[in-house]
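Heavy atoms only: backbone and side chains are in, while hydrogens, waters and symmetry mates are out.
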Amino acid sequence: MGSQSANLWVLLGLGLAGILIMTRKLKKAIREDFGAFIEKFQLLPPPPPPPPKAPHPLTGLTFAVSDVFDIDGYVTGFGHPEWVKTHDKASWTSPVVTALVEGGATCIGKTVVDELAYGISGENKHYGTPTNPATPAKVPGGSSSGAAVAVAANLVDFSLGIDTVGGVRVPAGFCGILGFRPSLGAVSHIGIIPVSTSLDTIGWFAKDPNILHRVGHVLLQLPYTVQRSPRQIIIADDCFQLLKIPVDRVAQVVIKSTEKLFGRQALKHENVEDYLKSKVRSLKEFHSKKSNGEFKTSTRLLANVMQFIQRHEFKHNHGEWISSVKPVLDPAISAEIYETVETADTDIECYKSIRDEMRSAIYSLLKDDGILVIPTIADPPPKLGGKEILSEDYKRRACSLLSIASISGCCQVTIPLGFHNKCPVSVSFMARNGGDRFLLDTTQAMYATLQEQADIAAKSKVSRNVVSKEESAEIAKEKGNQAFKDKQWQKAIGFYTEAIKLSGKNATYYSNRALAYLELGSYLQAEADCTQAINLDKKNVKAYLRRATAREMLGYYKEAIDDFGYALVLEPTNKRAGQSVDRLKKLFQ
């Protein structure tokens with residue numbers, strides 16, 4: 001009996017050891033794929049064509065797809081087990097997935113999405129939240145969380161996701177990889193579960209800008225042509241004020257990269273809030289209907305429009321299923337889905353007008369060769385299970401930025417810029433609707449320089465604190481130059497004054513402000529600024545010319561002749577100075 005008991009304990013011990021080993025193996029397996037996948041399979045590409053024909057464009061690459069794409073023989077799960085239980089297996093494969101496989105890539109599985117692909121946190125209590133490889137204690141971002149994690153963890157070369165209100169852009173930013181949201185309608189929606197039909201786009205993730213580019217050429221069916229460089233890189237200054245990290249850690253990286261690649265003349269600064277207020281008139285109508293007298297900015301109104309459209313179209317697509325099945329939903333998602341909002345036909349028409357005006361406004365701003373630069377999202381990735389992502393302030397900041405592309409239908413790319421305080425940092429470039437090739441080309445052309453500058457910024461002492469006064473002054477001067485070009489003289493004077501307050505030993509700032517004063521007919525102020533500029537820089541030709549003009553207008557003709565003469569001594573070929581001296585001397589002979 002004692003021997004049998006001992007044997008039993010040995011067997012039990014072996015059994016427990018086996019369970020422990022299996023548990024460890026299971027945990028290791030979960031860690032290895034970071035919880036990114038719902039299920040794995042293989043869709044193999046056709047054999048490569050024999051030489052001398054070129055290989056398939058995506059030969060040798062692997063990819064995964066978010067669980068909203070139909071794959072023949074599998075149930076499309078939509079991020080919820082109740083959806084799986086109440087739907088049949090797909091009888092075909094989404095044409096987008098087929099195109100990539102036929103292009104030479106191997107699809108290895110489906111990845112986790114937020115419940116019903118509705119949120120932007122990336123959290124899913126049913127299948128587990130994929131682990132963010134860049135910062136494991138933080139959310140990966142959603143809705144296409146698993147697809148982003150699979151790329152960030154090097155499990156695949158690229159992946160597909162759905163971007164409605166940020167579903168590709170946000171997880172790309174949080175996981176520190178590239179994420180491309182194409183123009184609305186640029187990639188077919190056939191064979192995917194819709195979230196909000198007029199906002200949905202099929203986006204893709206990659207770590208390598210060349211792979212992002214190659215995938216784009218296949219999905220967008222683009223012929224290979226010569227790349228075009230951007231003529232304007234427009235920094236949305238007011239959008240960067242939303243950032244919760246130092247502005248220079250992002251904006252200055254783009255500014256310095258642009259200067260290095262295309263020259264300072266390519267840079268422009270814009271206040272998006274003011275621009276949209278003047279160009280998207282239907283927002284005013286929307287504001288009067290929905291604000292209840294509360295003042296809201298243009299971008300905040302856009303965020304409201306985006307959320308209204310998402311909720312309205314989601315209910316139209318899936319309201320009947322939700323009512324009949326009554327699935328258990330995350331409180332944050334159910335609060336939005338079940339919120340009762342009266343939507344009249346006139347509201348829908350207003351939304352359409354806003355979308356049309358937004359697309360037109362962005363086109364007017366960017367034309368065919370402009371890039372708008374904005375933060376991808378204002379905040380670093382929130383903690384897993386934290387309440388921050390549920391706060392109204394967080395959602396407002398996020399949606400204010402994300403709504404610009406979602407409502408206008410323009411294309412946008414998230415570009416990683418290293419880390420700040422151990423969290424990934426990113427920036428977003430936008431191009432007009434239909435400018436996808438141009439945006440992909442620009443990303444590819446600028447990527448290496450952006451990474452260089454991001455590395456410098458991350459290592460510099462300045463970026464760990466605040467922008468230096470000199471850098472801030474230069475930014476203010478550039479804003480002043482832009483306002484001057486736009487003939488906004490008073491606004492230009494304000495920016496130049498700001499630059500002078502920050503760095504009062506720079507002659508250019510005084511000389512530039514003097515020119516703006518001349519345009520306003522404020523000759524005494526112009527003369528005083530030029531005198532200060534000359535005191536700081538005795539060889540400032542422009543300051544002599546501008547002071548001469550001011551003095552001539554004030555009737556100080558002898559002094560004006562002297563100033564034009566000094567300018568001519570410094571720059572003997574200056575025709576304006578020579579002609580002015582001759583003209584004034586003739587008047588007083």
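- Tested against Glu123 for a side-chain contact (heavy atoms from CB on, under 4.5 Å), the candidates Val112, Ile333, Asp330, Leu384 yield a single pass: Leu384.
- Counting only distance, with no hydrogens or angles, the side chain of Ser144 and the backbone of Ile162 share a donor-acceptor pair below 3.5 Å.
- Taken to the nearest 0.5 Å, the NZ atom of Lys40 stands 11.5 Å off from the OG1 atom of Thr111.
- Taking 4.5 Å as the limit, some side-chain heavy atom of Ile407 sits within range of a side-chain heavy atom of Leu199.
- Distance check, rounded to the nearest 0.5 Å: CD of Glu270 to CG of Asp237 gives 8.5 Å.
- With hydrogens and angles ignored, the 3.5 Å screen pairs a side-chain donor or acceptor of Ser159 with a backbone N or O of Ala147.
- Under 4.0 Å is where a charged nitrogen must lie from a carboxylate oxygen, and between Asp67 and Lys110 at least one such pair does.
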Next on the checklist: One pair to check against side chain to side chain contact (heavy atoms under 4.5 Å, CB included): Val113 and Asn124. What are the steps and the verdict?
Outcome noted: CA-CA 7 Å; Val113 294; Asn124 188 312; 5.5 Å; no
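- Remark: of the listed residues Leu100, Val101, Ile211, Leu100 is the sole one forming a side-chain contact (heavy atoms from CB on, under 4.5 Å) with Leu58.
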Checklist entry - Given Ser408 and Asn433, is the side chain to side chain contact (heavy atoms under 4.5 Å, CB included) satisfied, shown in steps? => result CA-CA 8 Å; Ser408 67; Asn433 180 278; over 6 Å; no
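- Residues Ile120 and Ala398 come closest through the heavy atom pair CD1-CB, 4.2 Å.
- Note that CZ of Arg214 is 10.5 Å distant from CD of Gln444, once rounded to the nearest 0.5 Å.
- At least one donor-acceptor pair closer than 3.5 Å links the side chain of Asp238 to the backbone N or O of Glu273.
- Contact check on Arg396 versus Asp393 returns a salt bridge, with a Lys/Arg side-chain nitrogen under 4.0 Å from an Asp/Glu carboxylate oxygen.
- A donor-acceptor contact shorter than 3.5 Å is absent between the side chain of His80 and the backbone of Pro327.
- Around the NZ atom of Lys125, the shell of radius 6.0 Å holds more than 12 heavy atoms that belong to other residues, nucleotides or ligands.
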Next on the checklist: Pair Ser406, Arg169 - check side-chain hydrogen bond (donor to acceptor under 3.5 Å, both in side chains), show working.
Outcome noted: CA-CA 11 Å; Ser406 287; Arg169 293 165 287 168; 2.9 Å; yes
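- Using cut-offs of 30° and 60° on the angle between ring planes, the pair Phe314 and Tyr118 is perpendicular.
- For the pair Tyr275 (side chain) and Ala361 (backbone), a donor-acceptor distance under 3.5 Å is present.
- Residues Tyr447 and Ile415 are in side-chain contact: their nearest non-hydrogen atoms beyond the backbone lie under 4.5 Å apart.
- Side-chain contact check for Val97 versus Phe63: some heavy-atom pair is nearer than 4.5 Å.
- In terms of modelled atom types and a separation under 3.5 Å, the side chain of Asp163 and the main chain of Thr201 share no donor-acceptor contact.
- Residues satisfying the side chain to side chain contact (heavy atoms under 4.5 Å, CB included) test with Ser257, not counting sequence neighbours, are Val253, Met446, Thr449, Leu450, Gln453.
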Checklist entry - Could you go step by step and tell me if Ser94 and Asp70 meet the side-chain hydrogen bond (donor to acceptor under 3.5 Å, both in side chains) rule? => result CA-CA 5 Å; Ser94 165; Asp70 286 340; over 6 Å; no
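- In this structure, the side chains of Thr258 and Ile371 stay at 4.5 Å or more apart for every pair of heavy atoms.
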Item to check | Verdict with supporting geometry, Glu313 and Ser196, side-chain hydrogen bond (donor to acceptor under 3.5 Å, both in side chains) | outcome: CA-CA 5 Å; Glu313 293 185 343; Ser196 175; 2.6 Å; yes
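- Taking CG from Leu178 and NE2 from His213, the interatomic distance works out to 12.0 Å, rounded to the nearest 0.5 Å.
- Listed for the Asn421 side chain is no donor-acceptor partner under 3.5 Å among the backbone atoms of Cys423.
- Residues meeting the ring pair (Phe, Tyr, Trp, His ring centres under 6.0 Å) test with Tyr74, sequence neighbours left out: Phe41.
- Between Ile374 atom CD1 and Ile404 atom CD1 the span is 4.5 Å, to the nearest 0.5 Å.
- Of the candidates Ile354, Val280, Leu184, Leu184 is the only one forming a side-chain contact (heavy atoms from CB on, under 4.5 Å) with Arg359.
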Item to check | Pair Leu440-Arg437, side chain to side chain contact (heavy atoms under 4.5 Å, CB included): steps then yes or no | outcome: CA-CA 5 Å; Leu440 283 167; Arg437 176 214 293 280; 5.7 Å; no
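- Between Gly435 and Ala431, the shortest heavy-atom contact is O-CB, 3.8 Å.
- Taking 4.5 Å as the limit, every side-chain heavy atom of Met358 sits out of range of all side-chain heavy atoms of Val305.
- Between Ala445 and Gln227 the shortest heavy-atom distance is CB-OE1, 4.3 Å.
- When atom types are taken as modelled, the side chain of Gln451 and the backbone of Pro416 share a donor-acceptor pair closer than 3.5 angstrom.
- Between Leu220 and Ala186, the shortest heavy-atom distance links the atoms CD2-CB, 3.6 Å.
- At a threshold of 4.5 Å between non-hydrogen side-chain atoms, the residues Cys239 and Pro375 count as touching.
- Other residues, nucleotides and ligands contribute over 12 non-hydrogen atoms within 6.0 Å of the CZ atom of Arg228.
- By the 4.5 Å heavy-atom criterion applied to side chains, Thr59 and Pro45 are not counted as neighbours.
- Counting non-hydrogen atoms of other residues, nucleotides and ligands closer than 6.0 Å to NZ of Lys279 gives a total of 12 or fewer.
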Item to check | Check against side chain to side chain contact (heavy atoms under 4.5 Å, CB included), Arg311 and Glu336 | outcome: CA-CA 7 Å; Arg311 190 183 300 122; Glu336 289 210 22; 4.1 Å; yes
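- Here the side chain of Arg281 pairs no donor or acceptor atom with the backbone of Glu357 at under 3.5 angstrom.
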Please set out all donor-acceptor pairs under 3.5 angstrom arising from side-chain atoms of residues 150-157, sequence neighbours excluded.
unit_1: Asn154; atom_1: OD1; unit_2: Lys207; atom_2: NZ; d: 3.1
unit_1: Asp157; atom_1: OD2; unit_2: Thr62; atom_2: N; d: 2.8
unit_1: Asp157; atom_1: OD2; unit_2: Thr62; atom_2: OG1; d: 3.4

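- Heavy atoms of other residues, nucleotides or ligands lying less than 6.0 angstrom from CG of Asp88 number 12 at most.
- Side-chain contact between Phe180 and Val168 is absent, with no heavy-atom pair separated by less than 4.5 Å.
- Once rounded to the nearest 0.5 Å, the distance linking CD1 of Ile192 with CZ of Phe78 reads 9.0 Å.
- The aromatic ring centres of Trp83 and His318 sit less than 6.0 Å apart.
- When every heavy atom of His189 is checked against every heavy atom of Ile202, the shortest pair comes out as CD2-CG1, 4.2 Å.
- The six-membered or imidazole ring of His312 lies away from that of His316, with a centre-to-centre distance of 6.0 Å or more.
- At least one donor-acceptor pair closer than 3.5 Å links the side chain of Asp436 to the backbone N or O of Ser183.
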